[in-house]
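In what follows, chains are A, B, ... by sequence order, proteins preceding strands, each numbered from 1.
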Number of protein chains: 2
Amino acid sequence: MARARIVDPDQGPRSKRAAILDAAVEYFGETGYETTKWSDVADRVGIGQTALYHYFESKAHCLLTIMRLELQRSHDMFTEATADTSDPVEALRAGVRSAFAVSEQEIRQMRVLQANMSLLATPRKSKREETERVAARQLVQMVERDWTNLLVRGMAKGAFPVRDAHMLGLTVLGMIVSVWRWYRPTGAIPLPEISDLIEGCVVRMVGE
Amino acid sequence: MARARIVDPDQGPRSKRAAILDAAVEYFGETGYETTKWSDVADRVGIGQTALYHYFESKAHCLLTIMRLELQRSHDMFTEATADTSDPVEALRAGVRSAFAVSEQEIRQMRVLQANMSLLATPRKSKREETERVAARQLVQMVERDWTNLLVRGMAKGAFPVRDAHMLGLTVLGMIVSVWRWYRPTGAIPLPEISDLIEGCVVRMVGE
DNA sequence: TCCTCAAACTGAACTGAACTCAGGTTGATG
DNA sequence: CATCAACCTGAGTTCAGTTCAGTTTGAGGA
């Protein structure tokens, strides 16, 4: 008997799943989700349109997968960056820096995530799409909790004045991700400069 | 001869344009632009789907119009709120407060604007859509300049430390509009409370 | 070397929502 | 009360996303 594999988690040796995700991130990130034709992605990968349905249930399923992966990455990066820092201010700075230590492809992924965030609000009809949506939603809450908890710790330690930590966390996060609405790698301002400015803003905003 | 009217700016006595915009804001704001069927809007207004095309060239043309109107409103409100205040810090506070002094329908309009902002990036094929898009783009820049100029004035007066005013303006704006991603009138936190927190954040962020 | 079977793929047909067309209805105004 | 632009409609058309009914490919066991 040939190998018996579970369909979802891992991919066969000649799978084009990664290539599809990569092409989709580029198209969705540069041209926008609605604007790009699903068949364009197929062309880029070098397969027929219908072959896409071997890997993703729908165009939306692919988008939701991209969004979930990006959220997972963001959460992991934050955790890694802030894990071994006990000083709240330094942890905060490390968290901000981790948000801007990204490749061009990751920038596109975050653009895709931010531009289609509202998709996570309403349930999906198909099962696999809904699974991705729920997972993504949970990761959004996890990322929000990452920032909130950091602020709570800082307030408890007396490093930050006491304020509504949840609202403040959402605000900090909103400020950071808003960058991906206007930033372009071809622009005049280099990313490290933006990172520094935001880092300062966050520290001042939270402190006093 | 019957009255000779220009098509665009003003409306006939039995025009349903306003009713369509109102229904569209509700649907686009609550359910999302892509999710709502154009025919749902027609049903709500009480006309056939094809009658919509008497008022708007397309679903996207209606969306772009909503976005432009909201941008116009935001710009006007900011200008009115900050006009007669010479103290930079007070003007800044007044600007933030004006951003949160809104009705529920205006909240929906801002949600529509924020959720579909990326639509303004790429040119439209049809003429009327492109006109709205360009107008909206210019208004975005105008709103950005509103905040930037306020910061420049404050820095010149010595009220704020000198930083990159443009980037700081975009950041302030990004922080403010990020609220419309998570705020719901049914939520636990009342809007004035949010307004106060953001006001404080902006002042600390810009100050020293 | 060849056989097997799931993975990987395909062309043709289907679906549904946005939009077009070719007119019909309505009502303010001369 | 006749006119004509504003306003509206039902019957198509289009096109991107999707389904269907299979066919091809190639890694691993015999």
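If you take CZ of A/Arg17 and C1' of C/dA7, they are 15 Å apart, rounded to a whole angstrom. In this structure, A/Gln11 atom CD and C/dA8 atom P are separated by 9 Å, rounded to whole Å. Between A/Phe28 atom CZ and D/dG17 atom C1' there is a gap of 12 Å when expressed in whole angstrom units. Atom-to-atom, CZ of B/Arg14 to P of C/dT26 comes out at 10 Å; the value is rounded to the nearest Å. For the pair B/Asp43 CG and D/dT9 P, the computed distance is 11 Å after rounding to whole Å.
Ion pairing between B/Glu26 and B/Arg44 holds under the 4.0 Å rule for side-chain N and carboxylate O. Checked for salt-bridge contact, A/Lys127 and A/Glu130 miss the test: no charged N lies under 4.0 Å from a carboxylate O.
Annotation: cation-pi geometry not satisfied between A/Lys16 and A/Tyr55 (NZ/CZ under 6.0 angstrom from ring centroid, within 45° of ring axis).
Side-chain nitrogen and oxygen atoms of A/His54 include none within less than 4.0 Å of the OP1 or OP2 phosphate oxygen of C/dC9. Distances shorter than 4.0 Å separate none of the side-chain N or O atoms of A/Lys16 from OP1 or OP2 on C/dA7.
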Can you list, pair by pair, the side-chain donor-acceptor contacts under 3.5 Å of residues 180-207 of chain A, counting residues two or more places apart and other chains?
| unit_1 | atom_1 | unit_2 | atom_2 | d |
| --- | --- | --- | --- | --- |
| A/Arg181 | NH1 | B/Gln114 | OE1 | 2.9 |
| A/Arg181 | NH2 | B/Gln114 | O | 3.3 |
| A/Glu199 | OE1 | A/Arg97 | NH1 | 3.4 |
| A/Glu199 | OE2 | A/Arg93 | NH1 | 2.9 |
| A/Glu199 | OE2 | A/Arg97 | NH1 | 3.2 |
| A/Arg204 | NE | B/Met205 | O | 2.8 |
| A/Arg204 | NH1 | A/Gly200 | O | 3.4 |
| A/Arg204 | NH2 | B/Met205 | O | 2.8 |

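Under 3.5 Å, the side chains of A/Gln141 and A/Arg137 contain no donor-acceptor pair of N or O atoms.
A side-chain donor-acceptor contact under 3.5 Å links A/Gln105 to the backbone of A/Asp22.
Nearest nucleotide to the B/Ile47 side chain, out of D/dT9, C/dG27, C/dT10: D/dT9.
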Exercise. Encode nucleotides 18-23 of chain C as B, S and - characters from 5' to 3', where the letter depends on protein heavy atoms closer than 4.0 Å: B to the base, S only to sugar-phosphate, - to neither.
Key: SBB---

